[in-house]
Amino acid sequence: MPEGHMIHVDARRFDEAMTGHVVHTDSPQGRFAEGAAALDGRTLRGTEAWGKNLFLRFSGDSPQYLHVHLGLIGGWTWWDHDHQQLSGRPVVKADSSNVRLRLRVGRGDAERSAELRGAITCTLVDEEGLDTAVAKLGPDPLRDDADPGVAWAKVRKSKKPIGGLLLDQGVTAGAGLIWRAEVPFLAGVDPHRPGVDVTEDEFTTMWSEMARVMRDAVERGGKEITTDPEDRPETDGHVSRDDAFYVFRRDGEPCLRCGTVVRVAEMGTRKVWWCPTCQPS
DNA sequence: AATTTATGTCAAT
DNA sequence: TTGACCTAAATTT
């Protein structure tokens, strides 16, 4: 269940474990057998994470890139040499029958592998294919080369609600349902407010808050927490799901800042949550 | 044991 | 706007 920050966690994991190494690939489930055969024995040169898309760049002839988009339910599972699960979505049964792509590096104690299941996209692309995919995406707040001005130019012209614009991958790449709810809260903006009615200052705040909370999540290995420590109960180190967010999935509960009951509404086909007091329209 | 849900996207209608 | 697609955990029967 990945939002964009998880893709950056995955990219970092690939860089640590596999970049610079010869990778052996296969497709136990068989659906990506051709692609796996084409990659087998190549060296991983590096990774690119952009929004919810991950690109792994390999040595050898074009196409050099593996493009992965996890969709709603895809995920990576990492294993060490004893086939002990290191991290990633818990796998109840270590059954590889639904593993679309497996990548392995190293031997003996140094062996590491990554297994991909359930992805909506898993294809080999060339440089042009990468450019085409990236061209559809807005700036990713987690990327050093991100230009927030590109997103602002779209927001300020749009009558669509800011809560919807943030979820639009062509506006801000990487934001999912959590951030589209939490970021407007952090900026004090009603998610229903049309883009044209958002001030530049408010947009700047939303951009920097989004970058901050997503970066924090990456540093925690993916765990999302947007609440400040003083806004949640003391629970030495452990932050429960319910205390981690100000509004996300907290409809009917009191706002952690002002006590007003948090509301929920349909926006597009999906939900959005907000505090009507902290987030004036 | 069966059904629903989940932090998503795209194509077809 | 709706349906298809992909998988595992949570929830209901």
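Lettering follows sequence order; numbering is per chain, from 1.
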Inset, instruction - Under 4.0 Å between any heavy atoms, over every strand shown, what does A:I120 touch: base, sugar-phosphate, or nothing? Just pick one. - result: base
Measure [atom1]/[X] against [atom2]/[N] and give the value in whole Å, please.
{"X": "A:W76", "N": "C:dT7", "atom1": "CH2", "atom2": "P", "result": "14 Å"}
{"X": "A:Q85", "N": "C:dA8", "atom1": "CD", "atom2": "C1'", "result": "12 Å"}
{"X": "A:R100", "N": "C:dC5", "atom1": "CZ", "atom2": "P", "result": "13 Å"}
{"X": "A:W179", "N": "B:dT7", "atom1": "CH2", "atom2": "P", "result": "13 Å"}
{"X": "A:L167", "N": "B:dC10", "atom1": "CG", "atom2": "C1'", "result": "15 Å"}
{"X": "A:E3", "N": "B:dG8", "atom1": "CD", "atom2": "C1'", "result": "10 Å"}
{"X": "A:L116", "N": "C:dT7", "atom1": "CG", "atom2": "C1'", "result": "11 Å"}
{"X": "A:K52", "N": "B:dT7", "atom1": "NZ", "atom2": "C1'", "result": "8 Å"}

Legend entry - Ring centres under 6.0 angstrom apart (A:F248, A:W179):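 Not close enough - the centres of the two rings lie 6.0 Å or further apart.
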Inset, instruction - Check A:P148 against A:F203 and note the closest heavy-atom contact, atom names and distance. - result: O-CE2, 3.6 Å
Legend entry - Given C:dT7, B:dT7, C:dT2, the nucleotide with the shortest approach to the side chain of A:T269: C:dT2
Inset, instruction - Compare the minimum distances between each of B:dT9, C:dC6, C:dA8 and the side chain of A:N98, then state the nucleotide with the smallest one. - result: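 Output: C:dA8.
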Inset, instruction - Mark yes or no for whether A:S113, through its side chain, and A:R104, through its backbone, hold a donor-acceptor pair below 3.5 Å. - result: no
Inset, instruction - Answer yes or no: is there a donor N or O on one side and an acceptor on the other, between the side chain of A:T227 and the main chain of A:D243, under 3.5 Å? - result: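 Flag set: sc A:T227 to bb A:D243 pair under 3.5 Å.
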Below 4.0 angstrom from OP1 or OP2 of [N], is there any side-chain N or O of [X]?
{"X": "A:H69", "N": "B:dT9", "answer": "yes"}
{"X": "A:R249", "N": "B:dT7", "answer": "yes"}
{"X": "A:R117", "N": "C:dA8", "answer": "yes"}
{"X": "A:R270", "N": "B:dA6", "answer": "no"}

Legend entry - Six-ring centre of A:F245, A:R250 cation under 6.0 angstrom, axis tolerance 45°: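 Judged by the rule, A:R250 and A:F245 form no cation-pi pair.
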Legend entry - P spacing across the pair C:dT13 / B:dT5, given as an integer number of angstrom: 11 Å
Legend entry - Integer angstrom distance from the P of B:dA1 to that of C:dC6: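 25 Å, rounded to whole Å.
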